[in-house]
Amino acid sequence: MTDPQTPGRRRTTTTMAAALAAVLALTATACGDDGTAAAGEEGSGKGTITFWDNNGGVRTAVWQEIIKDFEAENPGIDVTYVPVPSEDVQSKYDTAIAGGGLPDVGGVGAAYLANIVAQDALEPVGDRIEGSALKGRLVPTMVASVKAAGGRGDEMYSVPTSASNGTLYYRTDLFAAAGLDAPTTWAKFYTAAAKLTDAGRNRFGYTIRGGAGSIAQALDAMYGQSGITSFWNADRTRTTVDDPKNVAALEKYAGLFKTATPEADVNNDFKKMVAQFDTGTIGMLSHNLGSYTDHVKALGKDKFRGIPNPVGDNGTRVQVSNPVDGLGLFKSSKNKAAAWKFIEFAVSHESNSKWNESAGAIPANTQAAADPWVNEAEATKLGAQALTDGSTRIVELPYYLPDWNKISKADNEPNFQKVLLGVMTAKEFLTTLAEQLNEAQAEWNERNKA
């Protein structure tokens with residue numbers, strides 16, 4: 001749910017200055033310790049550490065509960081909690097890397113992990129996991145995902161905490177009243193989007209993401225319809241995003257804007273979409289598991305369902321990968337020993353289960369993943385099954401590219417808005433995106449060859 005801007009070689013001085021101003025409030029509380037250790041050392045294992053939550057506000061309550069539990073069990077350690085909105089987190093990391101003031105521990109999503117690793121800001125955690133209670137307790141697919149996203153071979157630069165899955169939420173009461181089948185196929189999805197729309201009564205079949213985070217959602221819908229199952233061609237030099245089948249799929253998807261969606265959706269981020277769906281005027285919402293508990297609170301369990309993305313005409317479900325979330329240990333920490341204790345506690349059975357139940361996400365701790373609530377939360381259960389039962393083909397997005405987040409957000413979210421508004425064609429948009437991705441991949445291939 002969360003894709004802050006990625007910096008890189010092309011970042012401007014103006015951008016850096018703005019980001020530095022934005023992070024000043026955070027740097028005052030970063031890199032805590034007991035006052036006895038230098039930056040980058042293990043420290044005493046006691047004192048104060050600082051934790052940046054990469055989805056601040058949305059997950060603040062559950063983190064505060066986990067921190068309270070941790071401090072009760074570790075009376076010599078105090079955790080300073082800093083909530084960072086998901087849309088701002090990478091720019092704040094980038095600024096702190098450049099100017100100082102990184103936290104001891106921070107939430108790090110796979111979508112921007114490679115960029116932080118490339119700046120040499122994160123401590124490798126593979127050996128620490130091997131020597132801890134987490135050894136053998138992490139879901140293997142999530143471990144593989146964070147290793148790949150880090151871009152440094154078999155080393156891990158974050159401890160996975162959760163995974164999500166593309167989810168189509170729909171109002172069961174509205175579908176029943178309209179005599180519609182569940183939107184389990186793309187054909188049924190488009191039929192429902194049209195039939196549930198009555199603009200005169202401010203009712204719409206769908207809410208589309210036109211603002212922050214729009215690219216991943218558009219790619220999900222695009223590959224889901226085209227049926228293309230690889231992000232790259234055979235020799236991994238050219239992306240498939242501009243394949244004619246993908247162009248046609250994006251044209252159809254973007255065509256929903258203003259015909260089956262509110263006009264204000266051009267600026268939608270996930271928070272606006274979720275709020276809109278929960279008012280009862282929207283028939284369907286594409287998001288991920290992270291908003292499931294919000295819908296339960298607003299609507300109850302009987303008025304909506306959250307199901308995996310629709311299947312294509314050939315009966316196969318294709319979706320893009322969701323970034324695995326995790327916790328990173330920063331190299332500049334003055335108290336890595338205490339910071340690691342916090343990470344180990346946060347990813348333990350009880351804490352990881354508590355966090356993921358609150359978020360409706362899939363736990364990274366294998367014991368937590370077996371807890372009863374996972375099967376009781378239908379969207380989470382179905383999402384986990386879709387990822388493990390062979391029914392879904394996953395298009396792996398190139399999180400390992402340091403410029404991935406910049407390309408998929410800062411460079412192209414404004415362009416996708418142009419597509420929705422009819423100022424740019426889907427083909428022009430995807431051609432531009434493909435050129436940037438091919439260049440980034442060529443640089444990546446060259447570095448690895450060297």
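In what follows, residues are counted from 1 in the order of the sequence shown.
A donor atom on one side chain and an acceptor atom on the other are found under 3.5 Å apart for Y223 and T240. Judged by distance alone, the side chains of H295 and S291 do bring a donor and an acceptor atom under 3.5 Å apart. A donor and an acceptor atom, one from each side chain of Q225 and D313, are nowhere located under 3.5 Å apart. Using a 3.5 Å distance cut-off with no hydrogens or angles, the side chains of N246 and S226 do pair a donor with an acceptor. The closest side-chain donor-acceptor pair between S333 and N335, if any, does not fall under 3.5 angstrom. No donor-acceptor contact under 3.5 angstrom links the side chains of S348 and N365, judged on distance only.
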Run N165 and Q319 through side chain to side chain donor-acceptor pair (under 3.5 Å) and show every step you take. CA-CA 9 Å; N165 193 49; Q319 65 182 59; 2.4 Å; yes

Apply ring-ring contact (aromatic ring centres under 6.0 Å, His included) to the pair F270 and H287, showing each step before the final yes or no. CA-CA 7 Å; F270 84 90; H287 190 221; 5.4 Å; yes

Kindly determine whether Y170 and F189 satisfy ring-ring contact (aromatic ring centres under 6.0 Å, His included), including the steps that lead there. CA-CA 10 Å; Y170 71 98; F189 165 82; over 10 Å; no

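D265 and K272 are not joined by a salt bridge, as no carboxylate oxygen comes within less than 4.0 angstrom of a charged side-chain nitrogen. Ionic pairing of K406 and E413 is not present here: no N-O contact between side-chain nitrogen and carboxylate oxygen is shorter than 4.0 angstrom. Between R171 and D173 there is a salt bridge, with a side-chain nitrogen of the basic residue lying less than 4.0 Å from a carboxylate oxygen of the acidic one. Using a cut-off of 4.0 Å between Lys/Arg side-chain N and Asp/Glu carboxylate O, D53 and R59 are scored as not salt-bridged. R128 has a carboxylate O that lies under 4.0 Å from a charged side-chain N of E123, or vice versa, which qualifies the two as a salt bridge. Between K147 and D154, at least one side-chain N (NZ, or NE/NH1/NH2) sits under 4.0 Å from a carboxylate O, which counts as a salt bridge.
Of the listed residues (T388, V139, L387, T141), just one forms a side chain to side chain contact (heavy atoms under 4.5 Å, CB included) with I362, and that residue is L387.
The backbone N or O of V374 lies less than 3.5 Å from no partner atom in the side chain of T380, so there is not a single donor-acceptor pair. When atom types are taken as modelled, the side chain of D371 and the backbone of W373 share no donor-acceptor pair closer than 3.5 angstrom.
Within 6.0 Å of CZ on R393 lie no more than 12 heavy atoms contributed by other residues, nucleotides or ligands.
Both tests do not hold together for K341 against F70: distance to the six-membered ring centre under 6.0 Å, angle to the ring axis within 45°.
From Y93, atom OH reaches atom CG of L113 across 10.5 Å, with rounding to the nearest 0.5 Å. Here the CG atom belonging to L329 is positioned 7.5 Å from the CH2 atom belonging to W340, to the nearest 0.5 angstrom.
Remark: E396 pairs with no residue by the salt bridge (Lys or Arg N to Asp or Glu O under 4.0 Å) rule, at least two apart or across chains.
The minimum heavy-atom distance between L401 and W232, with the atom names listed, is CD1-CZ2, 4.2 Å.
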